[in-house]
There are 2 protein chains.
Amino acid sequence: MRKHYATIKDIANALNISFATVSRALRDAYDVKAETRELVLAKAAELNYRPNVNAKGLAQHRSYNLGVVLPGITNYYFSTVITGIQEVAYNSGYNLILYVTNDSAERERDMIRNLALSSLDGLLVCVSSDSDDGSGFQAMIDEGIPVVFFDRVAEQVNTSRVVQDDYNGAFEATEHLVQNGYRKIAHIAGPEGLAFTRARLKGYKDALKKHGLPLKQEWIIYSGFSQAHGEQDALNLWKCRSRPDAIFAVNDRKAVGAMLALKKLGVEVGKTVGVVGFTNDPVASIISPSLTTIAEPAFEIGKISCQLLLNHIKKKRFDPKEVVLPGKLIVRESSLKV
Amino acid sequence: MRKHYATIKDIANALNISFATVSRALRDAYDVKAETRELVLAKAAELNYRPNVNAKGLAQHRSYNLGVVLPGITNYYFSTVITGIQEVAYNSGYNLILYVTNDSAERERDMIRNLALSSLDGLLVCVSSDSDDGSGFQAMIDEGIPVVFFDRVAEQVNTSRVVQDDYNGAFEATEHLVQNGYRKIAHIAGPEGLAFTRARLKGYKDALKKHGLPLKQEWIIYSGFSQAHGEQDALNLWKCRSRPDAIFAVNDRKAVGAMLALKKLGVEVGKTVGVVGFTNDPVASIISPSLTTIAEPAFEIGKISCQLLLNHIKKKRFDPKEVVLPGKLIVRESSLKV
DNA sequence: AAAAACAGCGGCAACGTTATCGGTAAATCA
DNA sequence: TGATTTACCGATAACGTTGCCGCTGTTTTT
């Protein structure tokens, strides 16, 4: 029962002019008298004219659709990034198409294959934990589709990227624990192989080095990003011969998991053991003791990524840019020491 | 420098057959020999053929795009619903276009106006708190675009809707507090005027009535959905001449806000005061004491909403359906009494 | 053995735009 | 005054599909 909208030809017929003129009038005033332009616009409103995006896309070879490939959307960071992306896209007349990989490289590959079907004008990507070398994204770029990475980048691919300052954030977080009197600081890291896992790890290591603190391999644990992973990691840390007295976690979710595990073990976080996270998820101020963390500018990252992508689309030329946004240490209870 | 994909005609030329045959072979085996079909498929793979969605949409009068209008995506419930929607849409070859209203009726109206431009095949909607009578959505339906409401519906609009069982969930939550020994139960409600605010309020009232408990008007507070609102509501409740001894909150975020406020007041939740929420946000098991709540099937709601919408799109005429999904009481510490 | 049915394929016209090229009248120039 | 530019508009061909009609041979029916 779908009614059909009025087309450009209907307007032309009603006005007894060529539909080519209507097409021009509807876009720019180029080559049309102001008078007839008014007529067309009025008639268009009267007939409730809606441009057909398929026809437009077919004729112009574009879709006004942007793809967003990311592991998931059910956490604070990603959903906030998307909100930022969405704001910019919406204001520029672009649509967003989500591709949720569930943090699986396999699903990511499948989606990239299918995603080419959707004739996208550009792509915003946060790769999955176990992502490969990013050859799929390189292929997209080779086909002329601009790609911008955010948060988690495929390093081999030479294109624009927007990330938080992982190294300095991690450095600052670790140093904060040192300054509060902690000496045996462990690191619950992300999955090995991910660029920002390495960056945050390096920040952690360099902070320890600066303050002449021991760097034990058994105090560094790699695993996934979930709360459950954080719990398990903490339990494993507490099995070490030499127990740490503080934990810097790669993100807040893992930090929260660790805190819950320590609570079960009867360890008093914020007194005998310090914990610092990364993200500033709202849960950080809800959990007790509240969680000290590095705040990430998630919304900004989304906005800037999208702006960058739109620039790439506009100018055909590509000159890859790297944007690094600073984080901010938010001190709460979990890093106290009494 | 966007490279062009191989088209159906390229395949036809390479194989010396008509492009109409290629088109048929690529879809159904209808009217094509299995042999030639194999040939076409092989050549398509060889040439890395990608169907052009714009051309397809133009010929078929559809866009394979679905719109999702909702207040926001940065919370557990909405992001999970979207994940459910996304799964169904993706598997059926549909794209999702997000319209984030920031829970503002004004922005909602603006977006609906623009959204008509995007030639959508259907619409999934969760109205904003202060939404109007939904005439904008009625207009879409009149134009032949199927609309399905989820969670928050515009009651005046006669179309399919998918919601959780607000009434029974609220009833069960309230009764649980009663059964645990609480007698002076307050309700922190949502914004007045919203259908599910009323449904949950009624469940609360009926549970009190069933157990012959007092129903005080000053124990019912309407306000927004945020954690900050919950905090303020709890503070206001504690200013009452006759203080309640328990709170049933319209959602977990408000319940969390209330718990944090009570903690500051020195009130012991789960001992002298009971709190029950609604949603089963992950934060419910992180906060201390952990929060008793009614679990909502958010992912299911998303999936079913999208399936329903796709049905509406397939069959041109479809009778509006109302799907009500049951919640489940999750008992934790916040509703204990010692 | 003629008639009817069918399987397999090609031709062509949509679908609603944009883009390119002309063409005509008016305006400007020489 | 004639030539040339300018402003405006029309005709037509894309864009890459799908859908309808019709044309062959071959198979089945009667």
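In what follows, chains carry the letters A, B, and so on, assigned in the order in which the sequence lines appear, proteins first and then strands, with residues in each chain numbered from 1. These numbers come from a predicted model, not from an experiment. What's counted below: heavy atoms across the whole structure, side chains too, no hydrogens, waters or symmetry copies.
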If you assign B:A55 and A:F19 each to the DNA chain C nucleotide with the nearest heavy atom, which residue ends up on the more 5' nucleotide? B:A55
Would you mind telling me which of D:dG19, C:dT17, D:dC9 lies closest to the side-chain atoms of A:V32? D:dC9
Starting at the 5' end of DNA chain D and moving along, which residue's nearest nucleotide shows up first, A:A59 or B:A59? A:A59
Any A:T7 side-chain N or O less than 4.0 Å from OP1/OP2 of C:dC15: no
Answer with base, sugar-phosphate or nothing: what part of the nucleic acid does A:R27 contact at a heavy-atom distance below 4.0 Å? sugar-phosphate
Taking only the side-chain heavy atoms of B:A20 (C-beta and beyond), determine which of C:dG10, C:dT18, C:dG16 contains the nearest atom. C:dG10
May I have the distance from B:N52 (atom CG) to D:dG16 (atom P), rounded to whole angstrom? 7 Å
Rounding to an integer number of Å, can you tell me how far A:I17 CD1 sits from D:dA11 C1'? 14 Å
Polar side-chain contact A:R50-C:dG16 base: donor and acceptor under 3.5 Å: no
Hey, is B:D121 close enough to B:K314 for a salt bridge, meaning N to O under 4.0 Å? no
Rounded to the nearest angstrom, tell me the gap between atom CD1 in B:I11 and atom P in C:dG10. 14 Å
Separation of C:dG10 atom P from B:K9 atom NZ, nearest Å, is 15 Å
Name the one of A:L310, A:L123, A:V88, A:N95 that satisfies side-chain contact (heavy atoms from CB on, under 4.5 Å) with A:L66? A:L310
Do the ring centers of A:F196 and A:F150 come within less than 6.0 Å of each other? no
With side-chain contact (heavy atoms from CB on, under 4.5 Å) as the test, pick out the partner of A:Y99 among A:L120, A:L70, A:V125, A:V68. A:L120
Counting the atoms with a prime plus P, OP1 and OP2 as sugar-phosphate, which does B:S23 contact under 4.0 Å by heavy atoms, base, sugar-phosphate, or nothing? base
If you measure from the Lys or Arg side-chain nitrogens to the Asp or Glu carboxylate oxygens, is any gap between B:E106 and B:R109 under 4.0 Å? no
Does C:dC6 have its OP1 or OP2 closer than 4.0 Å to a side-chain nitrogen or oxygen of B:Y30? no
From C-beta outward on A:T21, which listed nucleotide comes closest to its side chain: C:dT18, D:dC9, D:dT17? D:dC9
Would you tell me if any nitrogen or oxygen in the side chain of A:T36 comes within less than 4.0 Å of OP1 or OP2 on D:dC8? no
